[in-house]
Amino acid sequence: MVQSSLAVLLALGAAASVLAEPLRFVDCGSEDGSIQEVNVSPCPTQPCQLVKGTSYSVNVTFASKIESQGSKAKVYGEMLHVDIPFPIPEPDGCKSGIQCPIQKGHSYSYLNKLPVKSEYPNIKLIVKWELVDDQDHLLFCWKIPVQITS
């Protein structure tokens with residue numbers, strides 16, 4: 001009985017780890033921090049299928065290489081190598097899971113939402129997400145391919 005319960009727990013743990021697998025991302029110039037993990041939920045496969053009228057959770061774990069009083073997020077949709085600003089509800093990193101001031105050598109979990117408006121076109125593009133410090137240097141910058149769908 002104990003062995004079968006253990007087998008079920010191991011199987012559930014393996015299934016959960018597959019569902020929570022971090023995204024493959026491209027680091028696009030994180031100079032003042034180092035990204036440890038990027039998660040967008042729900043995004044079971046890549047490119048992420050972003051359904052219009054839905055909001056997605058974004059969680060980035062990173063380590064800071066500098067001290068900073070604050071941070072600000074900038075999000076873009078990249079099409080044909082052109083960055084088009086993409087509004088997010090809360091650009092202030094200190095209101096998005098990061099305890100400020102940011103300290104050198106500490107790890108942080110940045111949490112935010114990515115709303116996909118109904119009026120967006122059905123299109124494939126690259127989401128580029130930056131978090132800048134007080135000096136406007138990149139704490140992190142990552143890119144993932146997405147497809148906006150109805």
Problem set entry | Distance-minimising heavy-atom pair for Pro145 and Ile126 | CA-CD1, 3.9 Å
For this session: With rounding to the nearest 0.5 Å, note down the distance linking SG in Cys141 to NZ in Lys74.
Result: 10.5 Å
Exercise. Sequence neighbours excluded, which residues qualify as side chain to side chain contact (heavy atoms under 4.5 Å, CB included) partners of Lys113?
Worked result: Ser55, Ser57, Pro89
Exercise. Is there a side-chain contact between Ser71 and Ile98 (heavy atoms, below 4.5 Å)?
Worked result: yes
For this session: Decide yes or no on side chain to side chain contact (heavy atoms under 4.5 Å, CB included) for Val26 and Trp142, but give the supporting numbers first.
Result: CA-CA 5 Å; Val26 172; Trp142 54 269; over 6 Å; no
Seminar exercise, completed: By side chain to side chain contact (heavy atoms under 4.5 Å, CB included), Ile88 pairs with (sequence neighbours left out) Ala73, Val75, Tyr110, Asn112, Trp129
Seminar exercise, completed: Correct closest heavy-atom pair for Ile148 and Pro121 would be CG2-O, 3.4 Å
Problem set entry | Residues forming a side chain to side chain contact (heavy atoms under 4.5 Å, CB included) with Gln135, sequence neighbours excluded | Asp133, His137
Problem set entry | Leu114-Ile144 co-clustered via ILVMFWY side chain contacts under 4.5 Å | yes
For this session: Decide yes or no for Val127 and Phe86: does some side-chain heavy atom of the first lie under 4.5 Å from some side-chain heavy atom of the second?
Result: no
For this session: Enumerate the residue pairs fulfilling ring pair (Phe, Tyr, Trp, His ring centres under 6.0 Å) with a member in residues 29-76, sequence neighbours excluded, ordered by first and then second residue.
Result: Phe62-Tyr108, Phe62-Phe140
For this session: With rounding to the nearest 0.5 Å, note down the distance linking NZ in Lys128 to CG in Asp83.
Result: 4.0 Å
Pair up each side-chain donor or acceptor in residues 43-53 with any protein partner under 3.5 Å, not counting sequence neighbours, and list the distances.
unit_1, atom_1, unit_2, atom_2, d
Gln46, OE1, Arg24, N, 2.9
Gln46, NE2, Arg24, O, 2.9
Gln49, NE2, Pro47, O, 3.4
Lys52, NZ, Tyr120, O, 2.9
Lys52, NZ, Asn122, OD1, 2.9

For this session: Could you list all the disulfide bond (SG atoms under 2.5 Å apart) pairs where at least one residue sits in residues 61-99, not counting sequence neighbours?
Result: Cys94-Cys100
For this session: Supply the atom-to-atom distance Lys124 NZ to Met79 CE, rounded to the nearest 0.5 angstrom.
Result: 14.5 Å
Exercise. Taking ILVMFWY side chains as joined if any heavy atoms are under 4.5 angstrom apart, and letting links pass through other members, which residues group with Leu138?
Worked result: Val132
Exercise. Among all residues two or more places apart in sequence or in another chain, which pass the salt bridge (Lys or Arg N to Asp or Glu O under 4.0 Å) test with Asp134?
Worked result: none
Exercise. How about Asn39 and Leu23: do any of their side-chain heavy atoms sit closer than 4.5 Å?
Worked result: no
Problem set entry | side-chain hydrogen bond (donor to acceptor under 3.5 Å, both in side chains) partners for Ser64, two or more places apart | none
For this session: Sorted by first residue and then second, give each salt bridge (Lys or Arg N to Asp or Glu O under 4.0 Å) pair with at least one member in residues 88-97; sequence neighbours left out.
Result: none
For this session: Measure the CG-CG distance between Leu131 and Leu139 for me, rounded to the nearest 0.5 Å.
Result: 5.0 Å
Exercise. Does any pair with a residue in residues 23-55 pass ring pair (Phe, Tyr, Trp, His ring centres under 6.0 Å), and if so which ones, sequence neighbours excluded?
Worked result: none
Problem set entry | Residues which pass salt bridge (Lys or Arg N to Asp or Glu O under 4.0 Å) with Lys143, listed by chain and number, not counting sequence neighbours | Glu78
For this session: Nearest 0.5 Å please: distance from the CD atom of Gln36 over to the OG atom of Ser109.
Result: 8.5 Å
Problem set entry | Shortest non-hydrogen contact between Glu31 and Lys65, atoms and distance | O-CD, 3.7 Å
